[in-house]
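Notes follow once the structure below has been shown.
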Number of protein chains: 2
Amino acid sequence: MAKRPTSADIARAAGVSKGAVSYALNGQPGVSEATRERILAIAAEMGFRPNLAARALNGASAGTIGLALCRPARVLGVEPFFMELISGIEAALAERSYGLTLQVVPDHAAEIAVYRRWSAERRVDGVLIVDLHRNDDRIDVIRELQLPAVVIAGPGDFGGLPQVWSDDAAAVTEAVEYLCALGHRTITRVGGMPELLHTEIRTRAFAEVCERLGVQHAVTVPADYTAEEGSRVTRRVLSAPGRPTALIYDNDLMAVAGLAVAQEMGIAVPGELSIVAWDDSMLCRIVHPPLTALSRDVPAYGTHAAHRLLELIATGTTTSLEDVAAHLVPRGSTATISSVRPD
Amino acid sequence: MAKRPTSADIARAAGVSKGAVSYALNGQPGVSEATRERILAIAAEMGFRPNLAARALNGASAGTIGLALCRPARVLGVEPFFMELISGIEAALAERSYGLTLQVVPDHAAEIAVYRRWSAERRVDGVLIVDLHRNDDRIDVIRELQLPAVVIAGPGDFGGLPQVWSDDAAAVTEAVEYLCALGHRTITRVGGMPELLHTEIRTRAFAEVCERLGVQHAVTVPADYTAEEGSRVTRRVLSAPGRPTALIYDNDLMAVAGLAVAQEMGIAVPGELSIVAWDDSMLCRIVHPPLTALSRDVPAYGTHAAHRLLELIATGTTTSLEDVAAHLVPRGSTATISSVRPD
DNA sequence: CTGAAAGCGCTTACAG
DNA sequence: CTGAAAGCGCTTACAG
């Protein structure tokens with residue numbers, strides 16, 4: 001195979017200098033239109049592609065953004081959220097021929113080390129940050145490194161970093177109002193990790209709406225998004241005296257696992273128990289009955305965040321975005337309580 | 001923020017040349033042990049990290065491998081296989097601080113364009129190739145580009161590229177033998193895309209074992225791995241006269257969707273219908289009844305492939321690997337047929 | 001064992 | 001509008 005042509009080869013073939021080639025290729029002024037076209041034609045003919053490393057050395061972009069995921073691999077494998085998010089991110093990057101560098105990390109310390117390495121090596125032009133905590137120690141590092149970043153979380157103050165978020169409080173409120181309208185008065189929520197900011201936001205909103213509507217038992221039980229813990233927690237909740245008539249889960253995976261537990265315990269869904277899932281993936285539709293869900297367009301969410309980050313990288317500034325909130329999609333897993341167990 | 005130190009800064013601080021710094025950092029001969037340690041200490045103290053672009057410009061590796069995925073985003077989001085594979089790949093890369101660059105592509109032509117770009121830009125040191133076809137046109141391009149690559153597929157001849165594979169024929173044979181032992185004589189398989197090499201291998205093995213064991217109706221119906229088509233195909237198969245007593249699905253997502261269809265049609269699983277899923281993810285365990293599955297360690301599969309690719313990149317050569325075949329894990333979705341519908 | 005120099009392939013002031 | 005030169009931050013022969 002012939003050696004790949006360099007800009008010097010193009011320059012020689014076109015009878016111009018390397019500088020002219022560079023200007024022509026990058027659409028910069030400094031060459032006449034005729035010369036530009038001739039250079040472009042020759043470059044295309046010779047299959048020239050600029051060496052990315054050489055560009056990067058001159059301070060050009062790496063053409064790549066980074067995403068570090070701090071979840072156990074077994075959760076990533078089965079939870080649709082992240083893969084859908086990644087799909088959406090990819091869609092935005094593809095338009096600009098940007099790449100995505102993925103890294104799975106065990107904890108925040110490791111994630112911070114990854115950011116330091118990426119920054120030092122100029123491996124990425126910016127990062128997307130997910131799963132924010134309150135007082136998240138990653139924020140300070142990102143600022144110290146001056147690494148362009150968009151936070152996928154909110155609302156909140158993340159050291160001034162732009163954020164893409166949706167109103168989880170509104171969504172959980174909609175779900176509880178719906179369940180109350182169906183007659184439910186004891187509702188348990190199986191939440192995500194308490195240290196996550198969006199868990200906290202949902203927990204507070206859940207407590208508030210329940211108090212406002214006079215829900216008698218409104219408890220949030222923490223869990224970790226895995227099917228295993230979804231099963232375990234559900235079994236415990238449904239075995240205790242005065243069990244709830246409705247369950248809200250913070251992700252679809254736990255909701256599906258919870259549905260299986262209810263069925264295994266002979267508790268009819270939705271006759272005796274209503275179930276609402278957060279995040280509406282295929283999982284919610286392939287079980288029986290299909291699950292009522294708080295649905296949102298996760299890929300679009302990723303696309304929006306990636307667009308913001310690309311803008312930030314290109315122009316040095318971008319805006320935060322409040323994306324559309326999840327909305328309730330009623331399916332077979334929710335029903336009025338009075339019809340089966342009149343109080 | 002202070003400017004990042006360069007090797008020249010380290011050299012100045014240590015009172016040596018840049019060359020000495022390079023030798024010290026890379027464990028090359030050319031500096032005394034004492035000097036090396038002093039340089040290393042100073043580099044660490046100053047937080048020095050070599051600029052990746054500068055290294056790459058000298059022919060060093062990009063420190064990244066590429067994975068192009070040619071599946072619709074909606075499938076990627078919900079099918080556990082790829083995310084599990086990626087988890088495993090990540091695990092292998094993390095040991096060596098290698099990155100993974102992901103790209104979702106719509107078709108083979110786009111995938112080939114991505115390989116050309118990655119190669120030309122030196123963006124990746126090598127690639128992992130999945131979802132092989134017979135006479136796959138990607139192979140020639142990879143060879144033309146001289147891009148280090150490991151094929152995750154087999155057995156087969158992929159232009160001499162090393163391959164990591166498992167014996168799908170043995171696995172499907174095991175499943176059919178088991179179903180036959182339970183008394184099933186009409187078995188339908190809901191397969192993956194026919195153009196995929198592993199679909200072809202499974203289809204042939206399925207036909208062979210069925211003929212050998214005297215299965216009367218042994219049909220493979222093609223599908224596309226999505227839950228939607230899994231439902232549609234299952235509904236059709238179960239609605240036709242002389243419906244099978246056992247179904248084998250080429251992935252877990254379609255199997256779970258098929259189970260839901262059987263339940264919606266009032267067909268008892270496993271009483272009247274046995275179901276076997278290929279790929280054993282959490283999906284198979286969270287449905288009711290849990291699905292008998294052809295189980296394999298997908299993350300390990302990814303890890304092995306990544307290790308091979310890293311070896312190929314580092315040494316210029318590597319070996320193919322026949323990974324362990326999927327094995328049957330019996331669960332609640334399979335039972336003897338005679339107990340319910342004696343022939 | 002060590003230092004000075006050239007070069008990787010681009011980009012970008014700087015002269016003409 | 002164009003050309004020659006310097007420089008990005010490393011690595012690697014090549015002399016001492």
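Letters go in sequence order (proteins before strands), and every chain restarts at 1. Predicted model, so just to flag it, every value in this text is computed and none were measured.
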Within this structure, what is the CG-to-P distance between B/Leu57 and D/dT12, rounded to whole angstrom?
12 Å
Separation of D/dG9 C1' from B/Asn26 CG (nearest whole Å)
13 Å
Look at the side chain of B/Val31 and decide which nucleotide, out of C/dG9, C/dT2, D/dT2, has an atom nearest to it.
C/dT2
Under 3.5 Å, is there a donor-acceptor pair between the side chain of B/Arg143 and the main chain of B/Gly159?
yes
Looking at C/dC10, I'd like to know if its phosphate oxygens (OP1 or OP2) sit under 4.0 Å from a side-chain N or O belonging to A/Ser7.
yes
Distance in angstrom units between B/Lys18 NZ and D/dC10 P, rounded:
8 Å
Take the protein atom CD1 of A/Ile39 and the nucleotide atom P of D/dG3, then report the distance between them rounded to whole Å.
9 Å
Passing option when B/Phe48 is tested against B/Ile42, B/Ile39, B/Leu25, B/Asp9 for side-chain contact (heavy atoms from CB on, under 4.5 Å):
B/Leu25
Could you give the CD-to-P distance, from B/Gln28 to C/dC1, as a whole number of Å?
14 Å
B/Ser32 near the nucleic acid: base, sugar-phosphate alone, or nothing, with a heavy-atom cut-off under 4.0 Å?
sugar-phosphate
Would you classify B/Val21 as touching base, sugar-phosphate or nothing, given that sugar-phosphate means primed atoms plus P, OP1 and OP2, and contacts are heavy atoms under 4.0 Å?
nothing
Would you tell me if any nitrogen or oxygen in the side chain of A/Arg55 comes within less than 4.0 Å of OP1 or OP2 on C/dT11?
yes
I need the OH-C1' distance between A/Tyr23 and D/dC1, as an integer number of Å.
11 Å
Between C1' on C/dC10 and CG on A/Leu25, what's the gap in Å once rounded to a whole number?
11 Å
In terms of the nearest nucleotide of DNA chain D, which residue is placed more toward the 5' end: A/Val16 or A/Asn58?
A/Val16
Side chain to side chain donor-acceptor pair (under 3.5 Å) partners for B/Arg49, two or more places apart:
none
Expected output check: what is the dot-bracket annotation of DNA chain C, where ( ) and [ ] are pairs inside the strand (brackets for crossing ones), | is paired with another strand, and pairs are Watson-Crick or G-U under 3.5 Å?
|||.||||||||.|||
Quiz item: A/Asn51 side-chain donor-acceptor pair to C/dC10 base, under 3.5 Å:
no
Pair B/Glu33 + B/Arg36, salt bridge at N-O below 4.0 Å:
yes
Tell me whether the count of non-hydrogen atoms from other residues, nucleotides or ligands lying under 6.0 Å of CG in B/Asn135 goes above 12.
no
Nucleotide C/dC10, atom C1' - distance to CZ of B/Arg123 in whole Å
16 Å
Could you check whether any side-chain N or O of A/Thr101 sits under 3.5 Å from a backbone N or O of B/Thr101, counting only pairs where one atom can act as donor and the other as acceptor?
no
Under 4.0 Å between a side-chain N or O of A/Ser22 and OP1 or OP2 of C/dT11?
yes
Nearest-nucleotide check on DNA chain C, A/Gly19 vs B/Ala54; residue mapping nearer the 5' end is B/Ala54
Test: salt bridge (charged side-chain N to carboxylate O under 4.0 Å, His left out). Region: residues 124-136 of chain B. Which pairs qualify, not counting sequence neighbours?
B/Arg71-B/Asp131, B/Arg134-B/Glu200, B/Asp136-B/Arg138
